[in-house]
Amino acid sequence: MVVADPKVTAPGSRHGEVPEHEIRTALVIRVAGEAGEGIKKPGELLIQAAARAGFEVLTDFAPPSEIKGGVSFFQIRLSSRRLHTRGDSPDVLLCFNQEAFEVNIQELVPGGLLIYDPEKVTPRDTSSYRLLAFPLEQIASKELRMPIVKNVVALGGMAALFQLDSAVLYDLIRELWERKGDAVVQTNFKALEAGIKYVQDHVSSADLERFHVLPHAPEKNRMVVSGNTATALGAVAGGCNFFAGYPITPATDVMEILAGALPKVGGTLVQAEDEIAALGMVIGASYGGKKAMTSTSGPGISLMVETLGLATMSETACVIVDAQRAGPSTGMPTRHEQGDLYLCVHGGHGEVPRIVLAATSVEDCFYLTVTAFNLAEKYQTPVIFMSDTVVCVRSESIPMPDLASLQIENRLTWTPPAEGATAFGENEGAYKRYAMTETGISPVAIPGTPGGQYVGMGLEHNERGRHRPDPRTHTQMTEKRFRKMEHAVTDAPEPVTHGDPDADIAIVTWGSTAGVAIEAIDLLAAEGISACLVAPKMISPLPRHQLVAAMGKKHVIIPEVNFRGQFADMVQASFPREVTRINVYGGRPMLVCHLVDAIRDVAQGRQGTGRVVLNPIIGDLDKLVTPDDLIAPLERH
Amino acid sequence: MVVADPKVTAPGSRHGEVPEHEIRTALVIRVAGEAGEGIKKPGELLIQAAARAGFEVLTDFAPPSEIKGGVSFFQIRLSSRRLHTRGDSPDVLLCFNQEAFEVNIQELVPGGLLIYDPEKVTPRDTSSYRLLAFPLEQIASKELRMPIVKNVVALGGMAALFQLDSAVLYDLIRELWERKGDAVVQTNFKALEAGIKYVQDHVSSADLERFHVLPHAPEKNRMVVSGNTATALGAVAGGCNFFAGYPITPATDVMEILAGALPKVGGTLVQAEDEIAALGMVIGASYGGKKAMTSTSGPGISLMVETLGLATMSETACVIVDAQRAGPSTGMPTRHEQGDLYLCVHGGHGEVPRIVLAATSVEDCFYLTVTAFNLAEKYQTPVIFMSDTVVCVRSESIPMPDLASLQIENRLTWTPPAEGATAFGENEGAYKRYAMTETGISPVAIPGTPGGQYVGMGLEHNERGRHRPDPRTHTQMTEKRFRKMEHAVTDAPEPVTHGDPDADIAIVTWGSTAGVAIEAIDLLAAEGISACLVAPKMISPLPRHQLVAAMGKKHVIIPEVNFRGQFADMVQASFPREVTRINVYGGRPMLVCHLVDAIRDVAQGRQGTGRVVLNPIIGDLDKLVTPDDLIAPLERH
Amino acid sequence: MTVDLPVRHYELDDYKSDEKPTWCPGCGDFGVLNAVYRAMRTRNFAPHEVVAVSGIGCSSRIPYFISTYGFHSVHGRATPVATGVHVARPDLKTLVFSGDGDAFAIGAGHVVHAMRRNLDLTYVIMDNAIYGLTKGQTSPTSGIGFHTATTPSGNPEQALNPLALAITCGATFVARGFSAEPAKLADLILEGLDHKGFSFIDVYSPCPTFNKVNTFKTYKDEVDWLPSDYDASNAANALAHATSEDKRYLGVFLRREAPTYAEQVHKAHTGTEADRAKVLGGMFKRYS
Amino acid sequence: MTVDLPVRHYELDDYKSDEKPTWCPGCGDFGVLNAVYRAMRTRNFAPHEVVAVSGIGCSSRIPYFISTYGFHSVHGRATPVATGVHVARPDLKTLVFSGDGDAFAIGAGHVVHAMRRNLDLTYVIMDNAIYGLTKGQTSPTSGIGFHTATTPSGNPEQALNPLALAITCGATFVARGFSAEPAKLADLILEGLDHKGFSFIDVYSPCPTFNKVNTFKTYKDEVDWLPSDYDASNAANALAHATSEDKRYLGVFLRREAPTYAEQVHKAHTGTEADRAKVLGGMFKRYS
Ligand SMILES: Cc1ncc(C[n+]2csc(CCOP(=O)(O)OP(=O)(O)O)c2C)c(N)n1
Ligand SMILES: Cc1ncc(C[n+]2csc(CCOP(=O)(O)OP(=O)(O)O)c2C)c(N)n1
Ligand code: SF4
Ligand code: SF4
Ligand SMILES: [Mg+2]
Ligand SMILES: [Mg+2]
């Protein structure tokens with residue numbers, strides 16, 4: 001029996017060959033069960049342990065309600081190399097119940113391993129995968145007399161399977177349950193042991209060898225964080241000292257983490273009555289001199305559109321996080337889509353520039369949040385930082401940021417002239433808040449500064465901040481606001497690039513789809529098809545200079561998880577040429593294997609310019625879900 | 001002395017030759033004074049009289065505060081031919097005071113006539129125009145002892161100047177002041193007479209001949225309405241029976257007219273607490289089976305973005321009027337800009353299609369509002385009808401619409417099956433609100449219909465209207481919503497076309513700038529330069545078929561009153577080719593003479609593709625306004 | 001649109017949709033749902049003549065579980081949408097549902113105005129003093145000092161008093177129920193439905209999953225029905241009882257009469273649909 | 001940021017900006033502006049230590065005419081912006097200004113929460129019972145039956161009572177003034193500025209241009225100052241006087257003490273800016 005080696009074939013393996021076993025450098029494990037079965041916590045322990053052991057890890061969590069009976073899953077990908085996606089299909093699938101089996105089995109890699117609780121699951125069509133019965137329920141309830149520790153038993157089994165050093169897990173269990181007393185810790189230790197033992201006793205050492213993944217050398221300065229956590233950490237690192245927000249999935253964590261962190265650095269978090277108020281408060285706090293931020297998802301951005309215009313017009317520095325989810329309207333609060341680009345870039349009446357950044361990875365969530373604060377301060381403008389459900393929910397092991405090397409930007413402030421300090425009354429009126437400058441950036445007086453009094457405003461205004469709706473003022477001030485963008489684009493963070501720069505095919509994309517493109521390019525390279533990638537992290541103003549080379553290629557492919565190709569539209573408005581758009585819009589990330597197919601088609605001349613629509617999942621869409629027959633459980637979001 | 005003949009040279013006359021006098025077919029009169037001087041009312045009488053006399057009229061009103069000391073003006077263009085703009089520069093300028101003189105004189109056509117009150121105005125640099133002192137103050141205060149009738153004296157003078165049949169004016173004065181009693185009517189008659197007499201006595205008949213404009217034959221079925229009035233009338237004609245709104249300049253009139261009109265047809269108008277509530281109410285009323293509408297300007301659209309998404313997702317028919325003003329933020333509430341296109345087309349998180357129409361003229365305001373209701377009903381989707389300050393504020397004489405020939409569309413409703421009528425309980429659940437159809441249009445049950453019970457919603461849903469966030473449902477429902485757009489585009493109203501279809505140069509534009517392009521094309525044709533125009537009235541979905549021919553031309557020029565070229569971006573995203581963008585963004589309409597210059601430059605090879613920025617006004621921008629020195633009066637908006 | 005039907009008798013099951021409620025076991029919202037079924041059955045409402053409008057939240061899912069017409073709108077906008085439905089179709093019964101966040105955080109501005117307008121709506125707030133759907137944050141009805149992830153050092157805001165707000169802003173029927181007493185709650189809802197004007201019914205509807213402070217148990221200890229001799233015609237009295245610090249009273253706090261919005265706007269109608277061409281013709285003339 | 005300065009004495013003119021008020025002649029807002037100048041002079045506030053925040057409306061132009069820092073925000077959002085300014089900079093005095101539309105129509109949701117939070121803000125509403133800037137439409141404080149172009153058959157909504165709302169929602173200082181009595185109004189504003197917590201001051205500030213019903217003259221006939229023995233410590237009493245049908249009382253209706261929002265959130269600070277690297281390092285560890 002052959003075990004698929006994800007080093008070469010996954011995530012594209014469903015469509016490629018399954019080669020013979022060699023030393024494995026990556027493994028994808030999916031644990032699926034009922035929503036309430038608490039699979040997330042042990043999953044988190046596992047990845048933390050794996051990371052400590054020197055693996056790169058990247059996870060995915062699918063909340064219930066997309067699939068029959070409210071099954072949810074937690075997926076972990078481990079590797080000795082840097083990972084960019086969660087992996088299209090699991091190599092190992094652990095199912096707690098029959099429903100979990102039914103909806104997940106089609107995605108198991110051919111030759112993969114199904115682990116199941118024989119009391120709960122009766123596998124069918126077993127020819128294309130290997131089997132391991134693992135009586136979790138029985139071990140937990142009968143042997144340990146603690147049904148609740150079933151997940152920790154499973155955790156032990158997993159750890160044994162890919163031969164993780166169990167000492168790390170014992171440490172983590174202690175750290176986690178210490179506060180609940182020694183009895184709890186001991187019970188969990190026992191459950192862990194039982195799980196490890198069961199797998200060691202029932203899986204042959206040859207088979208175990210097959211699941212062994214080569215780790216890196218254990219590294220100290222690494223951490224495992226979700227994109228949202230990274231964003232919150234980035235905010236603290238970027239100097240955030242004021243936050244106002246309103247809860248919304250999938251952005252709420254950012255706010256919750258900052259609620260704990262900000263008071264520790266003398267900062268304040270306000271839970272506002274809605275998103276409009278949240279951004280209004282952020283503007284007020286920034287006017288008062290703070291580094292202020294809010295976080296939300298699509299519906300919140302939609303509500304903030306008017307207030308965002310005020311931030312641009314009053315030239316107020318602020319950071320707005322958009323953790324994108326699938327829309328439109330309330331849409332699918334726990335599902336993925338790159339559907340807010342138009343809104344973030346163009347949402348607003350009138351000519352209302354702002355800076356928009358987008359994260360391609362969890363690491364980006366940290367660094368781009370810092371960049372967002374820096375750009376907001378430098379250009380005195382709102383900066384929208386876009387993440388998406390994929391990056392904000394998934395966890396990744398990333399190098400611990402080096403705080404000392406972070407560059408922190410502060411806004412250009414106005415200081416009163418020497419004599420102003422004693423006779424500020426006379427200087428009133430001399431200060432020009434919106435002074436015309438070559439860069440468009442004007443020094444700002446922080447309230448409390450004598451002589452700097454001015455009125456921040458959303459009306460068109462002259463340099464002194466007085467409403468003047470004449471043609472000259474509006475023309476020049478419009479140009480001033482856009483001139484800041486011309487300069488900001490030169491501060492664009494480096495884009496993600498990958499692949500062969502001399503290739504004929506360029507992939508141009510943004511957000512988490514960049515990771516999918518990286519893996520697709522690597523798989524294609526193994527087939528002898530070369531392509532290169534550029535994924536800018538600044539989306540607006542669009543850094544044309546970063547795209548010029550790619551846009552000169554024979555084929556330009558723009559894959560996105562949305563219907564219209566929103567980024568493709570932006571790119572085409574700026575580079576008048578034909579491109580191939582690749583879109584998927586089922587509320588799930590693009591799969592690497594699908595992108596591989598589509599790029600191959602272009603390379604081999606089977607696909608010209610235009611639009612290619614992908615199926616959002618592996619396997620037969622119709623078989624996988626029969627939405628009319630089932631009841632969607634309440635997804636809490 | 002030569003009087004400019006606007007037939008050939010205006011509005012481009014400042015840059016062309018001033019030919020000898022021939023029979024005049026158009027005349028531009030500007031009356032300028034202080035904000036409070038009540039120049040609007042007599043101006044309206046004049047245009048109504050002119051229209052009754054068989055002229056085509058087109059007006060402009062500039063509220064105070066753009067110009068020194070709060071001067072405002074009212075401009076009237078009369079012609080025997082169809083008009084498309086207010087005229088770049090006046091042939092006759094009447095100034096009530098010195099400030100009005102100072103800020104307007106530069107725009108008077110060379111050789112034009114300045115009329116001024118010698119007690120208030122001391123003209124300077126009089127060599128380039130003709131003069132007529134008209135002691136308005138003295139006639140009103142001393143002769144008639146009624147300072148208040150000064151404007152009616154002026155009205156008489158104007159009427160005499162272009163030899164309008166005064167009987168029409170007497171009629172109008174009576175209609176207007178009848179309710180205030182005969183004494184008031186008589187005083188105004190006297191004032192009118194005095195004005196007529198003064199001009200007849202002081203202007204030579206040869207000169208009078210110069211200002212004589214050839215009217216059409218008087219036509220009965222014509223009316224003079226502003227764009228906003230036309231929109232309100234279009235709403236009534238389109239079947240509107242529910243309106244909810246919140247006041248905002250320049251949209252408020254639409255609401256105010258409907259507040260009077262709707263109760264007369266059994267409809268209801270609700271003044272909402274804000275724009276979000278307004279659109280929420282509209283959605284509720286439409287759900288209840290009404291033809292519902294709201295009207296607002298940019299800030300209101302910005303606030304409505306989330307609720308607009310709900311309308312799309314729940315497939316609720318409704319009409320939203322955006323009377324665009326200059327932004328961003330509160331911006332310049334009484335100024336013109338075509339800056340909301342991005343927002344109206346793309347504003348919304350997620351993939352949220354809607355139909356967007358844009359008016360090129362006052363007549364469009366009527367017919368496109370009817371079309372907006374028809375498309376909303378047919379496709380069960382929100383329709384945004386965009387006007388702009390130029391079209392919604394100006395008045396035009398237009399043919400009275402023929403109600404009998406208007407086609408009115410009603411939504412496809414679901415009717416219970418025969419047995420359902422008596423046993424609807426059993427049918428509950430059988431009805432599919434969001435049934436998949438070839439067109440994407442599903443029959444809708446109106447509340448009260450037995451057996452049609454369903455839940456309208458903003459969550460992603462299956463055919464029966466239940467939340468199902470699985471990939472198949474979201475993919476298919478997204479396609480359904482966009483499929484409606486594919487069909488809607490085939491119902492796009494005919495675009496405005498003009499000029500020589502075989503020309504090398506195509507002008508592609510939208511909104512009121514279409515009128516500027518028509519006049520520019522005519523002026524260029526006289527120079528031997530040919531160009532053609534296409535201005536679609538449906539902006540989204542973009543009717544590509546209407547643009548294909550133009551986009552194949554050697555030169556494509558896209559003029560717009562905004563900074564970025566929002567329409568140009570949309571067109572380029574759809575047609576990958578180079579274009580020349582022409583932008584002006586001073587809060588004023590584009591001038592015909594400037595567009596003529598820019599097109600000529602392209603025709604003569606002095607201008608390639610890229611972007612051309614125009615000066616927003618005639619004359620030297622810096623001389624005209626010195627914004628730092630003056631105080632902006634409160635513009636009520 | 002409305003078809004003439006023989007009068008039919010409806011059972012509780014006729015008001016249940018085929019979608020099973022997906023709330024957590026033990027959620028207070030089940031009690032509210034049952035009370036709604038009962039109230040409708042008591043008046044034998046035809047399901048197709050009722051519209052249930054809601055915002056977003058766990059509680060706002062309720063229209064899916066009721067066999068009437070419904071609209072599950074967006075967060076905070078239940079009252080505007082319901083206003084549109086009701087003003088357009090006063091012939092139907094419109095019920096409105098919100099959570100405490102939907103009604104009093106993002107929706108507060110609209111709720112104030114819906115009450116001031118005295119719309120003939122029955123507004124049921126399923127008040128669990130928490131944001132349930134987003135997994136447990138402080139809400140406007142959470143007490144001062146309340147701990148959640150967004151208020152780790154305790155909520156710094158004093159709780160909003162829904163009843164006091166309703167009394168002050170012009171609701172003409174103001175009541176409070178408890179989802180642990182669905183029969184009595186059904187009576188309150190029924191009275192609200194019968195009342196001409198804005199009926200405001202705040203319901204203690206605990207969230208056992210996320211709110212460990214305001215639970216079925218704590219409420220049981222704290223609630224008391226208004227005394228039998230209570231005078232519900234007096235706003236000052238209502239306010240005193242609504243703001244009582246020793247008891248959480250249940251019952252009808254206030255009943256008063258005032259002209260309703262729809263009555264007034266419909267009275268102002270001077271014509272009907274049939275007049276459209278004539279009215280339009282008249283307007284055309286005026287501008288010619 | 002704040003520079004140490006010798007104490008200086010300010011004259012009225014020091015509070016006037018060089019932008020001349022552009023209101024219509026006879027507008028009530030002039031009286032409010034004068035009262036603000038006077039109140040600031042009485043306390044000798046340094047103009048650079050005061051922030052005047054407003055929304056949009058004729059009245060909301062007021063920050064342009066005051067020589068302090070200011071923020072002229074967007075319609076209805078004066079209180080959120082002021083909340084941000086104040087919570088971020090409790091060392092400054094933050095004044096907030098709105099018209100009745102700005103505060104109670106589009107801004108109602110925020111105002112309710114600002115009061116509930118007991119932010120230390122002084123909120124002056126220039127109430128002319130009309131939308132002035134948009135040329136005269138019915139506002140939430142316009143009386144029932146009020147005629148404007150948007151309510152040609154008379155306003156079908158009962159007026160919102162701003163004081164009752166403030167008393168109910170937790171404002172800790174509630175007063176009403178009249179712009180025809182700027183000296184007394186200055187005293188009210190002064191008291192509001194001195195008060196620790198949310199000060200709510202509704203001011204009758206007539207719009208002679210568009211509101212022909214609520215004029216200086218009609219108000220003069222209807223207003224009366226609260227009796228000298230009036231007890232402002234009692235909310236029920238305050239409410240009774242605020243809702244009185246025979247008099248429009250002026251004066252301080254309510255004064256009460258409660259912890260302020262900023263006090264509480266600042267008390268919860270366990271570190272300062274200097275701890276940033278340390279705190280962050282600790283968080284990194286937790287995730288490793
Ligand atoms: C504009 C917007 N902001 C935020 C959210 C996220 N959200 C959904 S429901 C909810 C609050 C839920 O609380 P409540 O209204 O009390 O209802 P409950 O779930 O407690 O019944 C929030 C914040 C959203 N859907 N839309
Ligand atoms: C979002 C938005 N909606 C509407 C408007 C238009 N608008 C400006 S001020 C105003 C109301 C003015 O009334 P009020 O707040 O009472 O101030 P006043 O002018 O009477 O002093 C309105 C509706 C706007 N600027 N922004
Ligand atoms: S989270 Fe709370 S409110 Fe929501 S369903 Fe569960 S128990 Fe009910
Ligand atoms: S319109 Fe009314 S509120 Fe506005 S400035 Fe004039 S008088 Fe004052
Ligand atoms: Mg709740
Ligand atoms: Mg007002």
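Reckoned from all heavy atoms, side chains included, excluding hydrogens, waters and symmetry mates. Proteins come first, then strands; the chains are lettered A, B, ... in the order of their sequence lines, and each starts at number 1.
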Region of [X] that comes under 4.5 Å of a non-hydrogen atom in chain D:
{"X": "A/Ala51", "answer": "neither"}
{"X": "A/Thr229", "answer": "side chain"}
{"X": "A/Asp274", "answer": "side chain"}
{"X": "A/Leu233", "answer": "both"}
{"X": "A/Phe366", "answer": "side chain"}
{"X": "A/Glu273", "answer": "both"}
{"X": "A/Thr316", "answer": "side chain"}
{"X": "A/Ala278", "answer": "neither"}
{"X": "A/Lys290", "answer": "side chain"}

Nearest 0.5 Å please: distance from the [atom1] atom of [X] over to the [atom2] atom of [Y].
{"X": "A/Met281", "Y": "D/Thr83", "atom1": "CE", "atom2": "OG1", "value": "4.5 Å"}
{"X": "D/Phe284", "Y": "A/Met400", "atom1": "CZ", "atom2": "CE", "value": "7.5 Å"}
{"X": "A/Met313", "Y": "D/His72", "atom1": "CE", "atom2": "NE2", "value": "11.5 Å"}
{"X": "D/Ser73", "Y": "A/Leu459", "atom1": "OG", "atom2": "CG", "value": "10.5 Å"}
{"X": "A/Met223", "Y": "D/Met283", "atom1": "CE", "atom2": "CE", "value": "9.5 Å"}

At a heavy-atom separation under 4.5 Å, does [X] approach chain A through its side chain, its backbone, both, or neither?
{"X": "D/Arg116", "result": "neither"}
{"X": "D/His110", "result": "both"}
{"X": "D/Val279", "result": "side chain"}
{"X": "D/His86", "result": "neither"}

Query - D/Arg61 and A/His467: CA distance, side-chain angles, deciding distance, side-chain contact (heavy atoms from CB on, under 4.5 Å) verdict - result: CA-CA 10 Å; D/Arg61 291 275 171 108; A/His467 177 46; 4.2 Å; yes
[X] side chain to [Y] backbone, donor-acceptor under 3.5 Å:
{"X": "D/Tyr287", "Y": "A/Arg222", "result": "no"}
{"X": "D/Arg89", "Y": "A/Pro447", "result": "yes"}
{"X": "D/Tyr69", "Y": "A/Thr449", "result": "yes"}
{"X": "D/Arg276", "Y": "A/Ala237", "result": "no"}
{"X": "D/Glu49", "Y": "A/Gly448", "result": "no"}

What closest approach, in Å, do [X] and [Y] show between heavy atoms, and which atom pair accounts for it?
{"X": "A/Tyr287", "Y": "D/Val85", "result": "CD2-CG2, 4.1 Å"}
{"X": "D/Ala268", "Y": "A/Pro263", "result": "O-CB, 3.6 Å"}
{"X": "D/Pro47", "Y": "A/Gln453", "result": "CB-NE2, 3.3 Å"}

Query - Options D/Pro63, D/Pro80, D/Ala52, ranked by heavy-atom pairs under 4.5 Å with chain A, top entry - result: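 Most heavy-atom pairs under 4.5 Å with chain A: D/Pro80.
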**Report entry** Option in D/Val74, D/Val50, D/Asp275 with maximal non-hydrogen atom pairs under 4.5 Å from chain A
**Finding:**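 Most heavy-atom pairs under 4.5 Å with chain A: D/Val74.
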Quick one: of [options], who has the most non-hydrogen atom pairs under 4.5 Å with chain D?
{"options": "A/Ala261, A/Ala244, A/Ala272, A/Gly267", "value": "A/Gly267"}
{"options": "A/Ser314, A/Pro401, A/Gly458", "value": "A/Pro401"}
{"options": "A/Ala404, A/Gly239, A/Gly309", "value": "A/Gly239"}
{"options": "A/Ile276, A/Val282, A/Leu262", "value": "A/Ile276"}

Query raised in the report: Step by step, would you call D/Phe71 with A/Leu310 a side-chain contact (heavy atoms from CB on, under 4.5 Å)?
Result: CA-CA 11 Å; D/Phe71 205 99; A/Leu310 175 63; 3.9 Å; yes
Requested in this report: For side-chain contact (heavy atoms from CB on, under 4.5 Å), just list the numbers for A/Arg466 and D/Asp18, CA-CA rounded to whole Å, side-chain angles, deciding distance to a tenth of an Å, and then say yes or no.
Outcome: CA-CA 10 Å; A/Arg466 269 79 194 266; D/Asp18 54 355; 2.8 Å; yes
Query raised in the report: Does the pair A/Arg464 and D/Glu19 meet the rule for a salt bridge (charged side-chain N to carboxylate O under 4.0 Å, His left out), with working shown?
Result: CA-CA 11 Å; A/Arg464 294 173 69 213; D/Glu19 186 92 350; over 6 Å; no
Query raised in the report: Could you go step by step and tell me if D/Thr272 and A/Val265 meet the side-chain contact (heavy atoms from CB on, under 4.5 Å) rule?
Result: CA-CA 4 Å; D/Thr272 69; A/Val265 297; over 6 Å; no
Query raised in the report: Do D/Phe65 and A/Val455 touch side chain to side chain, with heavy atoms closer than 4.5 Å?
Result: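 They are not in contact (no side-chain heavy atoms under 4.5 Å apart), so the answer is no.
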Query raised in the report: Would you say the side chains of A/Thr268 and D/His269 form a donor-acceptor pair under 3.5 Å?
Result: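 Yes, because at least one side-chain N or O of A/Thr268 sits under 3.5 Å from a partner of the opposite role on D/His269.
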Report task. Answer yes or no: are there more than 12 heavy-atom neighbours, outside D/Glu273 itself, under 6.0 Å from its atom CD? Result ->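 Check passes, neighbour count above 12.
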